[in-house]
Structures are given as structure tokens and as C-alpha cells.
Amino acid sequence: ERCSNQRLQRRQYAPGLERFMTQKKGWGVRARQSIPSGTLILEYMGELCTSAEFEKRMMTRYKGDTHHYCLAIDGKTLIDAQRAGSECRFVNHSCDPNCEMQKWTVNGLQRMAVFAKRDIMPGEEICYDYNFSLFDRNQGQVCKCG
């Protein structure tokens, strides 16, 4: 009971979240009620694969996809949520985020989850800083925060 990762083990996510279509960023997730700072929002889930395998999928299986859903756990492994994953894959990037991604170890396994950095108001979009590096460095990505 004293273990701080019980929230992840029990999947005690923030209540009152909804997926919605944003104007510029595709799907997003927003709060329907107030969420206090420090709250576990969602866990990022999907298929674990190597970075090399995901890059191969980007050039083949996912080539025509407009949006890509993946999250690096470390330099070698990432979570591929492109075809199947939790609602967390729809949480968008922001240069001024209200949440942060945290890596936790639960029963010896690394898990990634979004936590509120500050109090979040009803109607506010949930977002974190992706710290994203492009697979194709010749093709830039426009910031759609503002």
C-alpha cells in the first residue's frame, strides 16, 4: 500500500477525460472536469518494439499515415501505438504543456505515463512536450501549439 506506483498498477487514471477532434492537430484529449497537479492522467500503452523495427514500419506499413503514435522508452525500445494503444496516444504536444511524461518501474517493467504538472481546468486540452526528434531530418515538422 505504501508503494507510490499503485496508481499505475491499478490504472487509477484521471476521471472525466474525452477524446476530441482538434482544429489543427488531429485527435486530442481534454479534461471535462478539474484535475489537480500531480494526478496520473493516462498510461501510454501499445506494442513494444525496437527503434529499428519501428523505423522499418514507418517506411512500409505506416508509410501513408498522416499521424504517428510512438513513444521512446530508451535509446533502443519504444512503444508502438500506431494500430493499437491507449487513449494516451492522442495526447498532443505543447511547447508550454500542462502535463509531463514520466517513466516508472512497476514490478520490474518500465512503464510510461502522463501526469499533470499543474492544475488543469475543465475544457483544457491535455498536452506534454514530446521532445521529439524526426526520423527524417530533411523533412521538418511545423509546431501547431499556437
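Note that the structure is a prediction, hence the values are computed from the model and not measured.
Thr22 contributes no side-chain N or O that, together with a main-chain N or O of Trp27, makes up a donor-acceptor pair within less than 3.5 Å. Distance alone, capped at 3.5 Å, is enough to place a donor-acceptor pair between the Arg111 side chain and the Leu8 backbone. Looking only at distances, no side-chain donor or acceptor of Thr39 sits under 3.5 Å from a matching main-chain atom of Ala116. Although no hydrogens or angles enter the test, the distance criterion places no donor-acceptor pair under 3.5 Å between the side chain of Asp129 and the main chain of Cys95.
Around NZ of Lys103, the count of heavy atoms belonging to other residues, nucleotides or ligands within 6.0 Å exceeds 12.
Between Ser34 and Pro122 there is a side-chain heavy-atom pair separated by less than 4.5 Å. Contact check for Glu53 versus Glu47: no side-chain heavy atoms found under the 4.5 Å cut-off. Taking 4.5 Å as the limit, every side-chain heavy atom of Tyr130 sits out of range of all side-chain heavy atoms of Met101. Side-chain atoms of Trp104 and Leu40, non-hydrogen and from C-beta on, never get closer than 4.5 Å to each other. With a 4.5 Å cut-off on side-chain heavy atoms, Ile126 and Ile35 count as touching.
Asp65 has no carboxylate O lying under 4.0 Å from a charged side-chain N of Arg57, or vice versa, which leaves the two without a salt bridge.
The minimum heavy-atom distance linking Ala84 with Arg89 is given by the pair N-NH1, 3.9 Å. The two residues Gly46 and Ile79 come nearest to each other via the heavy atoms N-CG2, 3.4 Å. Taking both residues in full, the closest heavy atoms of Ile120 and Ala31 are given as CG2-CB, 4.1 Å, listed atom of the first, atom of the second, then distance. Contact detail for Lys63 and Met59: the closest heavy-atom pair is CD-O, 3.6 Å. Nearest heavy atom pair, residue Thr60 against residue Lys56, reads OG1-O, 2.8 Å. Residues Pro15 and Gln33 approach most closely at CG-NE2, 3.3 Å, considering heavy atoms.
Asn92 pairs in a side chain to side chain donor-acceptor pair (under 3.5 Å) with only one of the listed residues (Lys25, Arg30, Glu125), which is Glu125. A side chain to side chain contact (heavy atoms under 4.5 Å, CB included) with Cys88 is found for one member of Leu17, Ile41, Leu42 and no other, namely Leu42.
Here Tyr44 pairs with nothing under the ring pair (Phe, Tyr, Trp, His ring centres under 6.0 Å) rule; sequence neighbours left out.
Placement of Leu48 and Met112 within a single hydrophobic cluster is found when ILVMFWY residues are connected by side-chain heavy-atom separations under 4.5 Å, directly or transitively.
Between the NZ atom in Lys117 and the CG atom in Asn98 there is a gap of 8.5 Å [rounded to 0.5 Å]. Interatomic distance, CZ of Phe115 versus CD of Glu43, reported as 9.0 Å (0.5 Å rounding). Separation of atoms CZ (Arg118) and CD (Glu100) is listed at 12.5 Å; rounding is to 0.5 Å. Atoms OG and CE, on Ser51 and Met58 in that order, are 12.0 Å from each other to the nearest 0.5 Å. Distance CZ/Phe90 to CE/Met21: 9.0 Å, rounded to 0.5 Å.
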Please set out all donor-acceptor pairs under 3.5 angstrom arising from side-chain atoms of residues 69-78, sequence neighbours excluded.
residue: Asp74; atom: OD1; partner: Lys76; partner atom: N; Å: 2.8
residue: Asp74; atom: OD1; partner: Thr77; partner atom: N; Å: 2.7

